[in-house]
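The residues of the chain are indexed from 1 along the displayed sequence. Side chains included, hydrogens not; waters and symmetry mates left out as well; all remaining heavy atoms used.
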Amino acid sequence: TALREFKQYNRFVLQISGCRAAVDGMLRSMIPTWKVQDGRPRVRAAVFVAEQILDERSGMYFAVETVLVDRVLEEMQGGLLEMEENGFDLRVENASEDAEANEGESSGEEKLLRDALRTTGELVRLLVRRKSRPHLDYKKRARRVYLKKLQFSGGPYSSTMQLATHVSLLIGTAANVQEGIVAPWREAWWTKHK
């Protein structure tokens, strides 16, 4: 994207307000204003924005607020519910890693659903990882670079966990929720009892 290319040649740090404007602009430009028959454009837009957030080179990884992640997950959930209302089968049978190897054989809708499931889990892992202060395990120079880029270090809210769980249950099974959402939360340092 343009943000990634611009950041490649410049050493600026993306601020929280710039990240908010980028997420709003991407969602607004990708979601049609007219009534669409199904929710695929909303899901496509949410998956695209989630992938941009997860890409460390875009800078949004370090500056995205949890409220913006909630907004992306709400768009994804709304699009999935619209697709379900219009008769789409949202269940992905083998949502494991083995099924991603056979992605060339799957349809476009199934690939979209797999991407939605994957990015939902990765967004939760991102927020949990950021909150668990990974820079404490880095060497001195890497820690300094990471902290220089980091603008927001908040973790997932309960609303984030609920939205991610609902999206994952719409597409996958309880095992997907366990693997992608509950396991990273359970392994976080602040949830362990002494």
Side-chain angles (χ1 to χ4, degrees), residues 1-4 14 16-61 63-95 99-100 103-128 152 154 156-174 176-177 179-182 184:
T1 63
L3 183 63
R4 187 180 320 135
L14 185 64
I16 293 173
S17 59
C19 183
R20 188 178 308 122
V23 169
D24 288 343
M26 282 189 281
L27 284 175
R28 188 175 50 243
S29 67
M30 292 189 72
I31 298 173
T33 55
W34 64 90
K35 179 64 180 157
V36 181
Q37 298 299 326
D38 55 30
R40 283 183 292 187
R42 289 177 71 183
V43 175
R44 237 180 252 118
V47 167
F48 177 78
V49 173
E51 286 174 347
Q52 296 307 310
I53 290 170
L54 293 168
D55 185 11
E56 288 187 32
R57 294 178 296 164
S58 71
M60 294 174 67
Y61 178 90
V64 70
E65 296 173 304
T66 308
V67 176
L68 293 175
V69 172
D70 282 355
R71 181 155 178 235
V72 170
L73 289 174
E74 284 172 1
E75 284 296 328
M76 192 178 299
Q77 178 188 16
L80 288 170
L81 289 174
E82 282 181 23
M83 286 175 70
E84 190 176 48
E85 286 175 6
N86 290 310
F88 285 96
D89 182 25
L90 298 182
R91 290 288 174 185
V92 177
E93 294 304 320
N94 286 328
E100 290 182 11
E103 237 175 67
E105 303 168 3
S106 63
S107 67
E109 291 152 5
E110 187 175 341
K111 184 180 180 318
L112 179 65
L113 293 173
R114 285 186 198 283
D115 287 344
L117 186 63
R118 178 186 52 82
T119 55
T120 300
E122 288 178 4
L123 281 174
V124 171
R125 277 189 223 105
L126 158 81
L127 292 174
V128 168
F152 188 79
Y157 299 147
S158 60
S159 61
T160 310
M161 299 301 282
Q162 287 174 347
L163 283 167
T165 302
H166 192 252
V167 166
S168 295
L169 284 175
L170 277 171
I171 301 170
T173 61
N176 298 115
V177 174
E179 176 187 332
I181 296 164
V182 177

In terms of heavy-atom contacts, A116 and I171 come closest through CB-CD1, 3.7 Å

Sorted by chain and residue number, the salt bridge (Lys or Arg N to Asp or Glu O under 4.0 Å) partners of E65 (sequence neighbours excluded) come out as R20

CD1 of I53 to CZ of F48, rounded to nearest 0.5 Å, is 11.0 Å

Y157 vs V67 side-chain heavy atoms within contact, under 4.5 Å
yes

Tell me which donor-acceptor pairs under 3.5 Å the side chains of residues 23-30 have, and how far apart each pair is, sequence neighbours excluded?
unit_1: D24; atom_1: OD1; unit_2: R71; atom_2: NH1; d: 2.1
unit_1: S29; atom_1: OG; unit_2: G25; atom_2: O; d: 3.1
unit_1: S29; atom_1: OG; unit_2: M26; atom_2: O; d: 3.1

Between the CG atom in L80 and the CG atom in L170, the distance rounded to the nearest 0.5 Å is 5.5 Å

Residue set satisfying salt bridge (Lys or Arg N to Asp or Glu O under 4.0 Å) with E84, at least two apart, ordered chain then number -> none

Between A164 and V124 the two heavy atoms that sit nearest each other are CB-CG2, 3.6 Å

Handout entry: N86 side-chain N/O to E82 backbone N/O, donor-acceptor pair under 3.5 Å
Key = yes

Correct closest heavy-atom pair for G79 and V43 would be C-CG2, 3.5 Å

By salt bridge (Lys or Arg N to Asp or Glu O under 4.0 Å), R44 pairs with (sequence neighbours left out) none

Applying side chain to side chain contact (heavy atoms under 4.5 Å, CB included) to E122 and not counting sequence neighbours gives L54, R118, R125

- Query: So do the side chains of R42 and M76 get within less than 4.5 Å of each other, counting heavy atoms only?
  - Reply: no

d(L113 CG, M83 CE) to nearest 0.5 Å is 5.0 Å

Rounded to the nearest 0.5 angstrom, the CD-OG1 distance for Q162 and T160 is 9.0 Å

Heavy-atom nearest pair, T119 first then A50, reads CB-CB, 3.8 Å

Below 4.5 Å, heavy atoms only, C-beta onward: do S168 and T120 meet side chain to side chain?
yes

dist L163:CG -> E75:CD (nearest 0.5 Å) comes out at 11.0 Å

Taken in chain and number order and not counting sequence neighbours, the residues that satisfy side chain to side chain contact (heavy atoms under 4.5 Å, CB included) with T165 are L169, V177, I181

Taken to the nearest 0.5 Å, the spacing of D70 CG from M161 CE works out to 11.0 Å

